[in-house]
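Taking it in order: structure first as structure tokens, then the write-up.
Atoms within a ligand are numbered from 1 in the order they appear, just like the ligands themselves. Treat the numbers as computed from the prediction; the structure is a model and nothing was measured.
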Amino acid sequence: LTIQIDEQKIIVKIKNLSPKRVLFSAPDGLLLKAYEIANKIKKKYYIETFVSVDPCYGACDTLSYEIEKLDVDLVVHIGHNRSKNRIFKKTLFIEAFDDISFYEILNDALSLIKKYKKIGLCTISQHLHELIPSKDFLENHDIKVLIGRGNGLLEDGQILGCEFYSVYNIRDKVDAFVILGQSNFHAIGLELATGKSTFQLDPYMKKIISVSQHTEKSFKKAFLSIIKARDAERFGIIIGLKEGQMNVKKALNIKKKLEDCGKEVGIIVMREIFDDRLALLKKNIDVFIQTACPRISIDGCTFSSLVLSIPQIEALFKLWKGENIENFLRKTSWH
Ligand code: SF4
């Protein structure tokens, strides 16, 4: 495994805070490592450590309820980062860095990248340290490279599955994007949000991947759902209960707009948005609008009910007004 976790940072925090109970959480791929770290810390500092084995999809997936219920003094959230607000309601974010090198795959991609006058470069949190060395490498081969500024929670050149500030804001200045990493989920999001050709450089498989076919598929799926919702009368707005995903204001805002259009609207709350739970209300709700994670209903999951995300409902409002919605995903953020 080439993942590096800064355990020292956790230890410093524990020494400063002297917590009695610490809760660890991590995405699936790092869960075992989180469990090992928690055990190590428990033995060394004589504190109670708990490990959450619930799914943890992003920096948005924080454990606010568990903090209170389990009476923990600190949550160590491994594997996702926030550039600002590093302590977020008792939560310490610890990045996981992947130390795999990109030189080989960058070298293989040179002839392809050289076809473009200027490229935008970006990545996801675990490869952020590779961004500047990769830019230098490409520039040493006479390729013009632009890295967009971060915003809010994001570092320069970083994207999330739903936040694209660093790429969207430079899209008109570059001819294509290159994303470092193995996640085609992020590459597809990048291409959908910017509308620019995107190449994903996968250092493990040593592959240069054009994601355009997947992008097209995701776009069609998201677009068709909006069209299918056109004549719906009864809407159910879902508020996600995960602290980083909860958006009550937005949900109420959408509710008001729908009611102004003469629609029947109910608000429902849930932590994990599962199809079988939604099915329980299917008889009374034609379309669900989930305000939690936009990717769930854009291209992440398959539902037996019609489920829209925030950019999709915004597009539906436009559609009702007879406006063009083809670019509904071209945005800095899908929240
Ligand atoms: S795409 Fe979904 S899981 Fe990922 S950061 Fe955004 S809201 Fe969270």
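Counting heavy atoms from C-beta outward, Asn39 and Tyr35 have side chains that approach closer than 4.5 Å.
For the pair Glu314 and Lys250, the salt-bridge criterion is met [side-chain N within less than 4.0 Å of a carboxylate O].
Set against the non-hydrogen atoms of Arg295, the atoms of ligand 1 under 4.0 Å away are 1 (S).
From the protein, the heavy atom lying nearest to atom 5 (S) of ligand 1 is Cys162 SG, 3.8 Å. Cys293 SG, 2.3 Å is the protein heavy atom nearest to atom 2 (Fe) of ligand 1.
A ring-centre distance under 6.0 Å is found for Phe199 and Tyr116. The aromatic ring centres of Phe223 and Phe219 sit less than 6.0 Å apart.
Closest to atom 8 (Fe) of ligand 1 by heavy atom, among Gly161, Gly58, Cys60, Pro294, is Cys60.
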